[in-house]
Structure formats: C-alpha cells, structure tokens
Amino acid sequence: MTKDEYVKELKKYYDENKLQETDSYGEDYAYGLAETLTYAIGLAEQLDEPEKVVIPKFIANDIKYHKKHGSTLRGILGSAFAQGVESDVCCWFYAGDGDENVRKCISAWDNGYEVEKEKKYRVKLPGMIGDNGQQYLSRSMDDKLFACAFRDYLEQEFTKEELEKFPDWIQLLEFKDVEDD
C-alpha cells in the first residue's frame, strides 16, 4: 500500500464513521475516535515515499524480465550471480561499493527505479583541408553512416553501445562527450 492509498483509506474510514455522533459507548468515544483519526491522517501525510534509485538500462531490463515472468527477488538475485562473471548484470553486482548495487537492485524491485541516462558521444572525423575540422559522423535515415561537414543540425549523438556496433576503425577516431541540456 502506498502512502497516498493509506491516507485515502484513513480519510474514508473517518468520513464513514464521522456521521455516527454517538454509538454504544457514548459521544465521548466518537469524538475521541475522530480526533485520533485526524491525528493519524496528519502523521501519514508526513511520511516520506522511498526515493527511487537510479540503475543502468540493462538492470532495468533484467528487473522487467523477471517481474514479467513471475520471478521473485530471490530469483533475480540468484540468476544475476549464476550468469557468470562475463555478463553485464553479474559484473554490475560485483562493481561499486561492496553490496551497494545489491541494495540498489532490492530497492528498485521494491520501490521502483529510474533508468540512468546513457552518456552520449559525437564522433569527430579528421579535418579536411579548409573545413576547420567540423566534420562529425552522422547516420542517415536507413542507418547508414556518413560524414557531415558544417551542418550542426545533422550531428548525431551515439551511445557507447551503438558505437561498439560500428566498424572497428571508428574506435580510432576522436570522441567528444555530449553535455546534457
């Protein structure tokens, strides 16, 4: 039950029972109950919702997969460590400050999560004579790669995953980090 659902349930109970001015215990009981519920509603409204953790996209995909297939938290943790050290998921669990990523996964499973923004890059091509070196790798509509010069509106941003799919020679070029707007 979320905080909002809890507050709504308390208010519903309060409203449903507020009409009873007296009951078998007398008027003082009804007044005391109303006062107590008002106090409980006030406290419930002050509760903090757990903060959502930020996790990589591949961990979010792993959580979605396990929830979709009816897995338990124990199931997702077990499969993460059973995948072997070469898997991204397993590596993520072993990376960081000790058990911090395990705690993040548990919190993401229980309280929801936000997917971390992937770092993006522009691939600067070697400058041609007279072009001031403003050529960047870009992608056409049919996903073919081409170079563009002096056309800022064509500059493309690529994630690390996308860059790894390109031919090996692209890795030799200069990468320029793209700042978040």
Side-chain angles (χ1 to χ4, degrees), residues 1-13 40-124 136-146 148 152-181:
M1 175 181 286
T2 67
K3 176 184 103 170
D4 292 336
E5 291 169 338
Y6 180 67
V7 170
K8 189 183 282 185
E9 194 65 32
L10 285 174
K11 287 181 178 179
K12 179 181 168 190
Y13 184 84
I41 291 169
L43 288 176
E45 288 173 336
Q46 294 175 37
L47 290 173
D48 289 332
E49 290 285 332
E51 198 170 308
K52 292 183 178 182
V53 293
V54 178
I55 57 174
K57 185 176 182 179
F58 62 91
I59 296 297
N61 290 340
D62 199 47
I63 289 172
K64 282 182 196 172
Y65 173 84
H66 281 86
K67 283 192 173 192
K68 180 180 177 184
H69 290 89
S71 185
T72 62
L73 177 59
R74 185 179 337 164
I76 189 174
L77 293 173
S79 75
F81 291 107
Q83 290 181 24
V85 292
E86 66 278 349
S87 105
D88 288 341
V89 174
C90 186
C91 287
W92 182 80
F93 276 98
Y94 281 108
D97 297 335
D99 294 334
E100 186 59 30
N101 286 344
V102 174
R103 287 185 190 93
K104 280 184 182 180
C105 182
I106 293 168
S107 180
W109 182 273
D110 289 341
N111 305 318
Y113 54 85
E114 293 179 19
V115 177
E116 73 184 8
K117 293 180 183 171
E118 290 186 71
K119 192 169 185 125
K120 298 216 175 190
Y121 304 90
R122 288 188 181 150
V123 181
K124 188 173 183 178
Y136 290 90
L137 191 66
S138 189
R139 184 180 337 165
S140 63
M141 295 296 270
D142 61 356
D143 264 354
K144 302 274 191 260
L145 297 175
F146 62 94
C148 59
D152 287 343
Y153 64 91
L154 286 178
E155 291 179 16
Q156 291 287 318
E157 299 170 356
F158 300 96
T159 64
K160 191 171 192 109
E161 185 177 290
E162 290 171 322
L163 290 172
E164 288 170 356
K165 293 178 183 176
F166 291 160
D168 290 340
W169 62 266
I170 290 178
Q171 306 302 325
L172 301 173
L173 301 175
E174 180 183 342
F175 291 78
K176 180 179 175 184
D177 291 356
V178 177
E179 299 292 324
D180 283 337
D181 294 335

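Here the structure is a predicted model, which is why all the values come from computation and not from measurement.
A donor-acceptor pair under 3.5 Å is absent between the side-chain atoms of K104 and the main chain of D99, judged by distance alone.
Atom CD1 in I59 sits 8.0 Å away from atom CG in D88 (nearest 0.5 Å). The line from NZ of K117 to CD of E114 is 9.0 Å long, rounded to the nearest 0.5 Å.
By the neighbour-count criterion of 12 heavy atoms within 6.0 Å, atom OH of Y65 is sparsely surrounded, having that number or fewer from other residues, nucleotides or ligands. Counting heavy-atom neighbours within 6.0 Å of K67 NZ, excluding the residue itself, gives a total above 12.
In plain terms, the two heavy atoms of S79 and H66 that are nearest each other are OG-NE2, 2.9 Å. Residues V115 and P56 approach most closely at CG1-C, 4.3 Å, considering heavy atoms. Here the shortest heavy-atom pairing between V102 and F93 reads CG2-CD2, 3.6 Å.
In summary, of the residues considered (N101, I63, N61), a side-chain contact (heavy atoms from CB on, under 4.5 Å) with I55 occurs for I63 alone.
Taking the side chain as every heavy atom from C-beta outward, I41 and K11 approach each other to under 4.5 Å. Side-chain contact check for K57 versus E118: some heavy-atom pair is nearer than 4.5 Å.
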task: Begin from the C-alpha positions of Y113 and V54 and carry the test side chain to side chain contact (heavy atoms under 4.5 Å, CB included) through to its verdict.
output: CA-CA 6 Å; Y113 54 85; V54 178; over 6 Å; no
